[in-house]
*Asks:* 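Got a structure for you, questions after.
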Amino acid sequence: MSSLPLTSSDWRVAPGEKLVVGVGDLVVSGNDRAQIVTYALGSCLGVMAFDPVARVGGLLHVMLPDSGIDATKAANQPDMFVDTGVPRLFREAYKLGAVKERMVVTVAGGAAVQGGSDMFEIGKRNLIALRKILWKNSVMVKAQDVGGCCSRTVTLDLATGDVTLRIDGSNRLL
């Protein structure tokens with residue numbers, strides 16, 4: 001498992017402090033003084049979920065669509081896979097007081113980072129797997145910035161629920 005904290009509600013976090021999510025990891029927090037960030041989303045997906053009432057949010061940096069390719073790895077690192085990481089993101093948010101019906105979901109990534117010649121189409125397959133899970137669970141995506149061939153950085157601000165997207169040195173709200 002990750003060396004990063006899975007959940008954070010520690011009020012010693014300084015305002016604006018960034019909780020960094022690594023590749024194949026998840027951070028969920030109920031601390032509205034923090035921001036959760038992940039860097040270099042290529043074919044990976046950044047899935048952000050935020051409950052504006054409970055002020056609980058999480059960010060998952062998922063790598064692959066289906067845990068069935070490696071059961072051992074899925075057991076040890078469930079956040080690597082869409083089919084195991086996304087349900088875990090929601091379960092951990094619920095533990096901190098989030099409610100499914102209030103969750104605002106935002107997605108970024110899913111690019112074809114090898115100049116558009118990704119024969120495995122990991123980004124596209126990640127998106128399809130994510131949409132399937134969300135649809136089966138009646139969860140809608142509020143905003144997304146997916147596909148293309150660029151790397152993205154995303155930050156979830158737990159005070160506001162704002163998701164900032166950084167592409168090629170430019171920031172914008174998603």
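Positions are given from 1 along the sequence.
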*Asks:* Taking Asn137 for the side chain and Ile133 for the main chain, is one N or O donor matched with an acceptor at less than 3.5 Å?
*Replies:*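 Checking the backbone N and O of Ile133 against the side chain of Asn137, a donor-acceptor pair under 3.5 Å is found.
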
*Asks:* For Asp168, what residues pass the side-chain contact (heavy atoms from CB on, under 4.5 Å) criterion, not counting sequence neighbours?
*Replies:*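 Here no residue qualifies.
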
*Asks:* About how many Å separate CG of Leu64 and CD of Gln77, when rounded to the nearest 0.5 Å?
*Replies:*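 Gln77 atom CD to Leu64 atom CG measures 10.5 Å (nearest 0.5 Å).
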
*Asks:* Using the test side-chain contact (heavy atoms from CB on, under 4.5 Å), find all partners of Ser170 that sit at least two apart in sequence or belong to another chain.
*Replies:*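 Expected list: none.
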
*Asks:* Locate the shortest heavy-atom distance separating Pro87 from Val82; write the atom from each residue and the value.
*Replies:*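 Minimum heavy-atom separation between Pro87 and Val82: CD-O, 3.8 Å.
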
*Asks:* Check whether any side-chain heavy atom of Val154 sits under 4.5 Å from a side-chain heavy atom of Leu41, and report yes or no.
*Replies:*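 Side chain of Val154 against side chain of Leu41, heavy atoms only: contact under 4.5 Å found.
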
*Asks:* List the residues meeting side chain to side chain donor-acceptor pair (under 3.5 Å) with Asp162, not counting sequence neighbours, and say none if there are none.
*Replies:*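 For Asp162, the residues satisfying side chain to side chain donor-acceptor pair (under 3.5 Å) (neighbours in sequence not counted) are Thr160.
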
*Asks:* Any non-hydrogen side-chain atom of Val105 less than 4.5 Å from a side-chain atom of Val107?
*Replies:*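 Yes, side chains in contact.
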
*Asks:* Give every residue pair that meets the side-chain hydrogen bond (donor to acceptor under 3.5 Å, both in side chains) criterion with at least one member in residues 54-68, sequence neighbours excluded.
*Replies:*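 Matches after skipping sequence neighbours: Thr38-His61, Ser67-Asp83.
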
*Asks:* Please identify each residue that fulfils side-chain contact (heavy atoms from CB on, under 4.5 Å) with Val37, with sequence neighbours left out.
*Replies:*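 side-chain contact (heavy atoms from CB on, under 4.5 Å) check on Val37 returns Lys18, Val20, Tyr39, Thr153, Thr155.
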
*Asks:* Please confirm whether the backbone N or O of Val163 pairs with a side-chain atom of Asp157, one donor and one acceptor, at under 3.5 Å?
*Replies:*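 No.
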
*Asks:* So, for Ala112 and Cys149, which heavy atoms are closest and what is the spacing to 0.1 Å?
*Replies:*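 Looking at all heavy atoms of both residues, the shortest contact is O-CB, 3.1 Å.
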
*Asks:* Determine whether Leu127 and Val146 make a side-chain contact, defined as any pair of heavy atoms from C-beta on separated by less than 4.5 Å.
*Replies:*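 They are in side-chain contact.
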
*Asks:* Please, which pairs that meet side-chain hydrogen bond (donor to acceptor under 3.5 Å, both in side chains) have at least one residue in residues 98-107, sequence neighbours excluded?
*Replies:*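 Residue pairs passing side-chain hydrogen bond (donor to acceptor under 3.5 Å, both in side chains), neighbours aside: Asp51-Arg102.
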
*Asks:* Answer yes or no: is there a side-chain heavy-atom contact under 4.5 Å between Val62 and Val86?
*Replies:*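 When only atoms from C-beta onward are counted, Val86 and Val62 do not touch, as no gap falls below 4.5 Å.
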
*Asks:* Using every non-hydrogen atom in the two residues, find where Ala40 and Ser151 come nearest and quote the distance to one decimal.
*Replies:*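 Smallest heavy-atom distance, with atoms named: CA-OG, 3.3 Å.
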
*Asks:* Side chains of Val21 and Leu60: does their closest heavy-atom pair fall under 4.5 Å?
*Replies:*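 Side-chain contact under 4.5 Å: no.
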
*Asks:* Is it the case that one hydrophobic cluster holds both Val104 and Leu156, taking links as side-chain heavy atoms less than 4.5 Å apart, direct or via other members?
*Replies:*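 No; tracing contacts between hydrophobic side chains, which count when under 4.5 Å, never links both residues.
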
*Asks:* Mark yes or no for whether Thr84, through its side chain, and Pro78, through its backbone, hold a donor-acceptor pair below 3.5 Å.
*Replies:*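 Flag set: sc Thr84 to bb Pro78 pair under 3.5 Å.
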
*Asks:* Same cluster for Met140 and Leu89 if Ile/Leu/Val/Met/Phe/Trp/Tyr side chains link at under 4.5 Å?
*Replies:*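 Looking at the clustering, Leu89 is in a separate group from Met140.
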
*Asks:* Find out whether Phe50 and Met103 are in side-chain contact, i.e. whether some heavy atom of one side chain is under 4.5 Å from a heavy atom of the other.
*Replies:*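 No, their side chains stay 4.5 Å or more apart.
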
*Asks:* Using the side-chain contact (heavy atoms from CB on, under 4.5 Å) rule, take Tyr94 and Val56 through it: C-alpha gap first, then chi angles, then the decisive distance, then the call.
*Replies:* CA-CA 9 Å; Tyr94 300 156; Val56 169; over 6 Å; no

*Asks:* Examine distances only and state if a side-chain atom of Asn171 and a backbone atom of Thr164 form a donor-acceptor pair shorter than 3.5 Å.
*Replies:*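 Side chain of Asn171 to backbone of Thr164: no pair is present.
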
*Asks:* Would a 4.5 Å heavy-atom cut-off, applied to side chains only, mark Met80 and Lys73 as touching?
*Replies:*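 They are in side-chain contact.
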
*Asks:* Do the non-hydrogen side-chain atoms of Val28 and Leu96 ever get within less than 4.5 Å of each other?
*Replies:*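 They are in side-chain contact.
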
*Asks:* Scan for salt bridge (charged side-chain N to carboxylate O under 4.0 Å, His left out) pairs involving residues 130-146, sequence neighbours excluded, and state none if there are none.
*Replies:*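 Sorted result for residues 130-146: Asp145-Arg152, Asp145-Arg172.
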
